[in-house]
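Shown next, in structure tokens, is the structure this report addresses.
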Amino acid sequence: MPPPAALSASSSFTLLSPPPSPKPKLPPFSPRKRSFAITPRRHLLHSAPSSAVRCAVIEKETPEAHRPDTFLRENSSSSSVRYRFEKMIRDAQDTVCAAIEAADGGATFKEDVWSRPGGGGGISRVLQDGAVWEKAGVNVSVVYGVMPPEAYRAAKGAAAADHKPGPVPFFAAGVSSVLHPKNPFAPTLHFNYRYFETDAPQDAPGAPRQWWFGGGTDLTPAYIFEEDVKHFHSVQKSACDKFDPAFYPRFKKWCDDYFYIKHRDERRGLGGIFFDDLNDYDQEMLLSFATECANSVVPAYLPIIEKRKDLPFTDQQKEWQQLRRGRYVEFNLVYDRGTTFGLKTGGRIESILVSLPLTARWEYDHKPEEGSEEWKLLDACINPKEWV
């Protein structure tokens, strides 16, 4: 939601570097005051930026010619959660991109590899204007370094209220994707899965050591085919049920509540699963759960695309899709915590907005005819349903 650290169109971090040290006579809130922060995109950090964050300077990423085997440091253990999570998200990126290219039948992803001077890097892949896909982005990011206490408090909110002053070493990794098909009967998909750690620095006794997982997969169609939505939710439920039968109902409601366009009083789409700050279970179990969810993306989504990508459609049906894409844009720019935070802190615009479609539409006071297929979709976005 993908820069010095880009988890995606929808999930990313950017480490901000401190400006030069202040001169003695500068006032306490001068823009030249020393400040630096992590920019979260999409869900990894989700609080409003502080005034200190606004005056930060972004640490620019460095383009790389080749993909490294790992973005971790050379002494990283292959048995660590960090190493295994990076392998998982890079495998997921390869799998999803291969499935997207196969479904399109000709277009290929443009790939950008980058590193971050502070530590880590990422791989951004975008496919545009193919036979099936209007725009498809699948990105991974693995970044680490030191974040200031302001950024930690932004990440954890009230949970960080007692955190002692001092920089906090962090690690953040994730895969994130938004897929916009051309055919109005083929739904948009968003997914992202991420892992975050903080560590206690040697020079800041009492700093927290914490970790958590987050992510989700959700479906945004313009038209409802009940068998498609039931299939999609069934795959999400199956992935959840392998770990805890309470996961699917809990994360399904969380998804419905998160992707809510308040000024429209409707959801962005027909939901799926979503969770964040998850650390109240065994770490190995949650790593396996995130892996299962990421591996479920292709079987949940691609069968729907294969059924719908070549269906004939009218100009009016295309216009309705564009109106729903407008809702997608509204949510991402107005309510998505990571996107709005990234824009306010001056992050890399191509990475922040990669989730947006190539085309969208707004009509004044548009209301679908009651009982029409368009009305049925809008009703389901206003009144979330239980699909399985």
Side-chain angles (χ1 to χ4, degrees), residues 1-2 8-10 41-43 126-130 132-137 176-191 218-225 228-229 255-272 274 305 308-309 311-344 347-385:
M1 17 233 289
S8 96
S10 351
R41 296 199 186 110
R42 187 94 176 165
H43 313 307
V126 178
L127 182 156
Q128 288 189 159
D129 201 20
V132 172
W133 307 101
E134 180 183 284
K135 188 179 184 184
S176 185
S177 175
V178 177
L179 310 172
H180 291 297
K182 288 184 171 180
N183 194 302
F185 297 126
T188 286
L189 182 84
H190 157 255
F191 76 89
D218 64 281
L219 195 71
T220 306
Y223 289 91
I224 295 178
F225 293 89
D228 294 352
V229 185
C255 187
D256 290 336
D257 291 343
Y258 180 79
F259 293 103
Y260 175 61
I261 308 172
K262 186 177 181 180
H263 63 267
R264 299 281 190 181
D265 190 25
E266 63 189 66
R267 276 75 190 167
R268 189 177 74 178
L270 301 186
F274 176 78
I305 292 299
R308 309 302 174 194
K309 66 179 183 178
L311 291 181
F313 57 86
T314 66
D315 290 342
Q316 290 73 25
Q317 289 164 337
K318 184 66 178 178
E319 288 173 2
W320 173 248
Q321 180 199 43
Q322 301 304 291
L323 287 168
R324 295 311 304 175
R325 292 272 172 82
R327 299 293 204 268
Y328 208 96
V329 172
E330 288 177 26
F331 176 84
N332 281 29
L333 295 184
V334 178
Y335 296 111
D336 185 77
R337 293 182 295 242
T339 300
T340 55
F341 194 30
L343 291 173
K344 289 179 181 179
R348 182 175 180 261
I349 198 68
E350 293 302 322
S351 299
I352 298 169
L353 300 184
V354 71
S355 64
L356 301 185
L358 291 184
T359 60
R361 183 182 181 93
W362 286 266
E363 291 184 15
Y364 181 75
D365 197 27
H366 182 276
K367 293 182 176 66
E369 181 181 352
E370 186 169 349
S372 66
E373 293 303 312
E374 292 79 8
W375 180 89
K376 291 177 183 177
L377 184 281
L378 182 58
D379 180 65
C381 291
I382 295 172
N383 303 295
K385 302 178 184 297

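Note: hydrogens, waters and symmetry copies are ignored here, and every other heavy atom, side chains too, is used.
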May I ask you to test the [X]-[Y] pair for a side-chain heavy-atom distance under 4.5 Å?
{"X": "R268", "Y": "E330", "value": "no"}
{"X": "L356", "Y": "V354", "value": "no"}
{"X": "C381", "Y": "L270", "value": "yes"}
{"X": "W320", "Y": "T314", "value": "no"}
{"X": "V178", "Y": "Y328", "value": "yes"}
{"X": "W362", "Y": "V329", "value": "yes"}
{"X": "D228", "Y": "P187", "value": "no"}
{"X": "Y258", "Y": "C255", "value": "no"}

What are the two closest non-hydrogen atoms of I305 and A186, and how far apart are they?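 Taking every non-hydrogen atom into account, CD1-CB, 3.9 Å.
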Over all heavy atoms of both residues, which pair between A360 and G326 is shortest? Give the atoms and the distance, please.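 Heavy atoms of A360 and G326 come nearest at CB-N, 3.9 Å.
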Partners passing side chain to side chain contact (heavy atoms under 4.5 Å, CB included) against [X] (at least two apart in sequence or in another chain):
{"X": "E363", "result": "E319, L323, R361, H366"}
{"X": "L311", "result": "N183, F185, F225, R308"}
{"X": "K262", "result": "Y260, Y335"}
{"X": "P184", "result": "Y223, F313, Q317, K318, Q321"}

Evaluate the criterion side-chain contact (heavy atoms from CB on, under 4.5 Å) for residue pair D256 and K385; output intermediate values, then yes/no. CA-CA 10 Å; D256 290 336; K385 302 178 184 297; over 6 Å; no
Looking at T359, is its backbone amide N or carbonyl O close enough to the side chain of E134 to form a donor-acceptor pair, meaning the two atoms are under 3.5 Å apart?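 Answer holds: yes.
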What pairs with E266 under salt bridge (Lys or Arg N to Asp or Glu O under 4.0 Å), at least two apart in sequence or on another chain?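 Partners of E266 under the salt bridge (Lys or Arg N to Asp or Glu O under 4.0 Å) test: R324, R327.
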Residues two or more places apart in sequence or in another chain: which of them pass salt bridge (Lys or Arg N to Asp or Glu O under 4.0 Å) with K309?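 E306.
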Modelled atom types, side-chain donor and acceptor of D336 and N332, under 3.5 Å: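 Side chains of D336 and N332: no pair found under 3.5 Å.
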Yes or no on side-chain contact (heavy atoms from CB on, under 4.5 Å) for H180 and L358, after CA distance, side-chain angles and deciding distance? CA-CA 9 Å; H180 291 297; L358 291 184; over 6 Å; no
Atom CD of E369: over 12 foreign heavy atoms under 6.0 Å: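 Check fails, neighbour count at 12 or below.
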Which distance, rounded to the nearest 0.5 Å, do you find between the CZ of F331 and the CD1 of I261?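 So the gap between those two atoms works out to 7.5 Å.
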Taking atom CG of L179 and atom OG1 of T188, what is their separation to the nearest 0.5 Å?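 Output value for this atom pair is 8.0 Å.
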P357 and side-chain contact (heavy atoms from CB on, under 4.5 Å): which single residue from R325, K182, Q322 fits?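 The residue from R325, K182, Q322 that satisfies side-chain contact (heavy atoms from CB on, under 4.5 Å) with P357 turns out to be R325.
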